[in-house]
Amino acid sequence: MAAIEMKNIVKEYGDGFKAVNDISIDVDDGELMILVGPSGCGKSTLLRMIVGLEDITSGDMVIGGERVNEKAPRDRNLAMVFQNYALYPHLSVYENIAFPLRLAKVHSEQDIDQKVKEAAETLELTEHLQRKPGNLSGGQRQRVAMGRAIVREARAFLFDEPLSNLDAKLRGQMRTEIARLQRRMGVTTVYVTHDQTEAMTLGDRVAVLRRGYLQQCAEPRELYEQPVNLFVAGFIGSPPMNFLPAQVRGSQVELPFVTVEIPASVAEKVQGRGLLLAGIRPEYFEDASLVDPAKRSRRSTFNATVDVVEWLGNEQYAYIPYEAPSEVEKELAALEEELDSEALRTQLVVSLDAASRIRRGERAEIFVDPSRMHLFDPATGDNLTLSPSGSHVAS
Ligand code: ATP
C-alpha cells in the first residue's frame, strides 16, 4: 500500500479551460479519501490524473514517495474500479478475478488459484466462482470487480462513482461493504462521488471540490460542524442548512423570526460587518414545548406557521414558509443554482423530536439554539464564526 500526495495539481484542457486549479491533498497510507462535489467540479479529472489516464498540466503526483507524473498507468500499479464494473460477460467469476494475473504472465497456475480463492473468500464469492457475471446481482458484480483489484495487490484502489447504477437499498448495503472491506484490507483508497451522504458515511476524510477548487478537506464531522464557507455548509447535510439574513447589533443577531444572543467571542469577530447570512441546521431548532425551560429564553423561541410536517418515525421535519428579503436574494439564488436546490429562499426546515405534537397548518412555538449558529460573509462566503486554525479554504 502507498500514500498518495497531490501537490499543487493543475489540469488545463486544450481549449484553455482549467478543470483542476492548484489542488493539494495528501491521502495517507491505508486511508479512504472521498472526492465529492457537484457535476463538473473536477473530481473525475483529478482521479484520472492519479491513475495516469489524464496528463497533469503542472504540479506533482507522488505515490509511495515516488513522483509518477510521467509514468504510464500500468506502471503506477493502481487498481481502478469503474462505475460499470467492466467485467467480461463470457468469463466466469473465477476467470474474471484471475484475469489481471493471467495478463501479467508471471504467475503460476497454482499461484493464480490460491490468490483467486483467497480474494473470493474475503469477498464472500466462493460459492459463485463458476457463475457468469450476467447471473449475479449488482452487489455481487461489484465485489467481483473489487476481487480483480485485490488479486493484483495494487498500491491503491480508485473508485469512480461505483454505486450510481444500483438502487437505493443496494447502494446502502454496498457502501457498508466497501467500507468494511477497505478497512479490513487497509488499502489506500480514493473514491469519487457526487453524493454527499455517500461521502460522509464512507470517508475517513472528505475533500469537497467546487469549480476545480478544493474548498475543504476534513473528517466528516468537522465538515458538518465547521464548514469553512457557504458552499460547504449548503452542500453537506440533508436536509440542508437553513440560510437567513442576519443583522448583528452588539451581542445580538436579528433574524427574520427572532433576535438571538450570540457568544461575546463571536460577536467581537463580526461587529460592523453589515448584513450577514446566518446558517442554522434543521436540528438546531426544536419544538419549544420539549425544551428544558432553563434553556428557553424569550429570545430563543419564536412563533411560526408550519405548512408541512414529515414524520419519519425517529424524527420529523417541519417546513415553515418564508420569503428571503431582497438584500440576500442574489446570494441565495446563486447558492441554490450551484447546489441544484430550489428551497433555500422559500422555506425554513426544522427538525423536531418524534414526540412533538406540532401538526401541519398550526402556529407553533419553535426554539432555536443560537450557540450553534454559523455566520457567513455573503460577499466572500467565508464562515466568520470559525477560529482561524479551522480554515482550509482555497476559493
Ligand atoms: P461529473 O460528476 O459530471 O462526472 P466531475 O466533477 O467528475 O463531473 P470532470 O469530469 O472532472 O467533472 O470535469 C470537470 C470539468 O472539465 C467539466 O466542466 C468538464 O466539462 C471539463 N472537461 C472534461 N473533459 C474536458 C476536455 N477534454 N476538454 C475540455 N474540458 C473538459
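These numbers were taken from a predicted model, which means no experiment stands behind them. One-based numbering, in listed order, for ligands and for the atoms of each.
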Residue and atom name of the nearest protein heavy atom (relative to atom 22 (N) of ligand 1), distance in Å to one decimal
Y13 CE1, 3.3 Å
Under 6.0 Å between ring centres: does that hold for F99 and Y88?
yes
Face-on cation placement of R281 at Y224 ring, 6.0 Å and 45° thresholds
yes
Looking just at side-chain N and O atoms, do T193 and D195 make a donor-acceptor pair shorter than 3.5 Å?
no
Close approach, G212 and ligand 1, non-hydrogen under 4.0 angstrom
no
With atom 10 (O) of ligand 1 as the reference point, say which of S44, G40, G42 has the nearest heavy atom.
S44
Under the side-chain contact (heavy atoms from CB on, under 4.5 Å) test, residues paired with A72 that sit two or more places apart:
R74, D75
Rounded to the nearest 0.5 Å, how far does CG of L209 lie from CD1 of I34?
12.5 Å
Would you mind finding which of G16, C41, S39, P38 brings a heavy atom closest to atom 3 (O) of ligand 1?
S39
Is ligand 1 under 4.0 Å from a heavy atom in the side chain of D15, in the backbone, in both, or in neither?
side chain
Applying the side-chain hydrogen bond (donor to acceptor under 3.5 Å, both in side chains) criterion to S351, which one of E283, E315, E286 satisfies it?
E315
What part of H194, side chain from CB on, backbone N/CA/C/O, both or neither, has a heavy atom under 4.0 Å from ligand 1?
neither
Does a side-chain N-to-carboxylate-O contact under 4.0 Å join E31 and R183?
no
Which atoms of ligand 1 have any heavy atom of T45 under 4.0 Å away?
9 (P), 11 (O), 13 (O), 14 (C)
Checking a contact table here: which protein heavy atom is nearest atom 20 (O) of ligand 1, and how many Å away?
F17 CE2, 5.0 Å
Sub-4.0 Å protein heavy atom next to atom 26 (C) of ligand 1
yes
Among K43, E12, M49, closest by any non-hydrogen atom to atom 6 (O) of ligand 1:
K43
Can you confirm whether E66 is buried at CD, in the sense that more than 12 heavy atoms of other residues, nucleotides or ligands lie under 6.0 Å from that atom?
yes
Which ligand 1 atoms, with their elements, are less than 4.0 angstrom from a heavy-atom of A19?
14 (C), 15 (C), 16 (O)
